[in-house]
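Working notes, beginning with the structure itself.
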Amino acid sequence: MFTTLFSCITRILHLVLGINTPQAFPPTLSDEEERTCFLAAESGDEDARQKLILHNLRLVSHIVRKYYSGAKSQEDLVSIGTIGLIKAVDSFNIHLGAKFATYAAKCIQNEILMYFRSQKKLASEISINETIDVDRDGNPLTYIDVVCCDEDIAEEIDRKITTEKMLVYVEKLLSPRERQIIMMRYGLGGIKAQTQREIAQSLGISRSYVSRIEKAALATLRDALK
């Protein structure tokens, strides 16, 4: 019932704004505009919150068209994906340094994934290998295809978010020496990854000292990610 109601609201929103096609969606906000809106939304500015939702509807449409082009209920999927977008706007922390589009994409995918899972539970007698649609090439699309694809996408996005957080923490939490060794050790910032011995020779210090610094830096990053 909630999905049906939200679908109606979404259709009305599209009609009022004239955004029946992906090309007519409001443009994506610049990084500075997006940050300003999030800071205002944190202070309770509802207009800023609505602006963030409105100007990211294009992302919902893009995900539905890219991964569910053969689905018969694309309007419903856009409505469900929009619920994920709203959750993303309400839960995103602008101060962590991650990109909102990456975070929102994961939330949208997860919302659609939960929808497919609920559909599968409601029709538990249906085999997960049963054909539910066809893709753009005419190949059969089963429940298991949809669920597995979404999980892989969600995991990939999650890895990207974690990587972005890690890079922020490397810059903010580590000492200059720790940062230098971590970047050399793991090939960050375009630097070729090196062994502890190579780093020791390059910096004129012992390998054991490099090892101690690396362990301390990794412990700091691990605690930050937790």
Side-chain angles (χ1 to χ4, degrees), residues 27-43 48 52 55-56 58-60 62-63 65-67 81 84-85 87-114 147-226:
T28 304
L29 297 173
S30 67
D31 290 345
E32 185 59 34
E33 288 175 319
E34 184 177 272
R35 181 174 180 80
T36 299
C37 284
F38 269 112
L39 293 175
E42 277 186 359
S43 302
L52 287 165
H55 285 264
N56 281 286
R58 184 185 295 268
L59 177 60
V60 179
H62 169 73
I63 289 174
R65 286 185 293 110
K66 182 174 182 180
Y67 298 111
L85 171 62
K87 290 180 178 179
V89 169
D90 290 341
S91 62
F92 183 68
N93 188 338
I94 190 67
H95 306 290
L96 289 180
K99 289 187 177 296
F100 174 68
T102 305
Y103 178 78
K106 180 184 177 184
C107 292
I108 292 165
Q109 284 283 357
N110 284 347
E111 199 68 33
I112 295 174
L113 175 59
M114 286 192 293
V147 173
C148 288
C149 176
D150 285 344
E151 287 177 338
D152 290 342
I153 293 167
E155 288 177 3
E156 179 183 348
I157 294 173
D158 189 54
R159 283 195 296 271
K160 288 182 178 179
I161 291 175
T162 302
T163 300
E164 289 177 355
K165 286 182 181 179
M166 180 72 77
L167 292 175
V168 171
Y169 294 149
V170 166
E171 288 296 324
K172 291 185 176 181
L173 301 181
L174 301 185
S175 68
R177 175 52 63 91
E178 288 176 330
R179 188 183 310 118
Q180 181 184 28
I181 288 178
I182 289 297
M183 292 182 71
M184 294 175 70
R185 186 78 173 90
Y186 296 96
L188 303 179
I191 301 173
K192 181 182 177 182
Q194 303 175 44
T195 65
Q196 291 181 347
R197 190 175 300 280
E198 289 172 333
I199 295 172
Q201 291 176 348
S202 176
L203 299 180
I205 56 180
S206 68
R207 189 198 64 77
S208 60
Y209 186 41
V210 171
S211 178
R212 288 199 301 273
I213 294 176
E214 180 186 352
K215 287 180 180 178
L218 291 178
T220 298
L221 296 173
R222 191 178 302 113
D223 290 341
L225 286 174
K226 287 181 180 178

* Is a side-chain donor or acceptor of Arg185 paired with a backbone partner of Gln194 at a separation under 3.5 angstrom? -> yes
* To do: Give a yes or no answer on whether the side chain of Arg207 reaches the backbone of Gln196 with a donor-acceptor pair at less than 3.5 Å.
  => no
* To do: Output, in order, the C-alpha distance, side-chain angles, deciding distance and verdict of side chain to side chain contact (heavy atoms under 4.5 Å, CB included) for Lys106 and Asn110.
  => CA-CA 6 Å; Lys106 180 184 177 184; Asn110 284 347; 3.7 Å; yes
* Under the side chain to side chain contact (heavy atoms under 4.5 Å, CB included) rule, what do Leu203 and Tyr209 come out as? Steps first, then yes or no, please. => CA-CA 11 Å; Leu203 299 180; Tyr209 186 41; over 6 Å; no
Can you find a heavy atom in the side chain of [X] that is under 4.5 Å from one in the side chain of [Y]?
| X | Y | answer |
| --- | --- | --- |
| Tyr186 | Leu218 | yes |
| Leu174 | Thr220 | yes |
| Ile205 | Arg177 | yes |
| Val89 | Tyr103 | no |

Can you give me the closest heavy-atom contact between [X] and [Y], atom names plus distance?
| X | Y | answer |
| --- | --- | --- |
| Ala216 | Glu178 | CB-OE2, 4.0 Å |
| Ala48 | Ala41 | CB-N, 4.0 Å |
| Gly81 | Ile108 | O-CG1, 3.5 Å |

Roughly how far apart are [X] [atom1] and [Y] [atom2], rounded to 0.5 Å?
| X | Y | atom1 | atom2 | value |
| --- | --- | --- | --- | --- |
| Leu39 | His95 | CG | NE2 | 6.0 Å |
| Met184 | Glu214 | CE | CD | 11.5 Å |
| Asn93 | Glu42 | CG | CD | 6.5 Å |
| Arg212 | Lys215 | CZ | NZ | 9.5 Å |
| Thr36 | Ile94 | OG1 | CD1 | 9.0 Å |
| Arg58 | Ile63 | CZ | CD1 | 13.5 Å |

* Which class fits the ring pair Phe92 and Phe100: parallel under 30°, tilted 30 to 60°, perpendicular over 60°? ->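 Perpendicular: the ring planes of Phe92 and Phe100 meet at over 60°.
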* Go through Leu52 and Leu85 one step at a time and tell me if the side chain to side chain contact (heavy atoms under 4.5 Å, CB included) criterion holds. => CA-CA 9 Å; Leu52 287 165; Leu85 171 62; over 6 Å; no
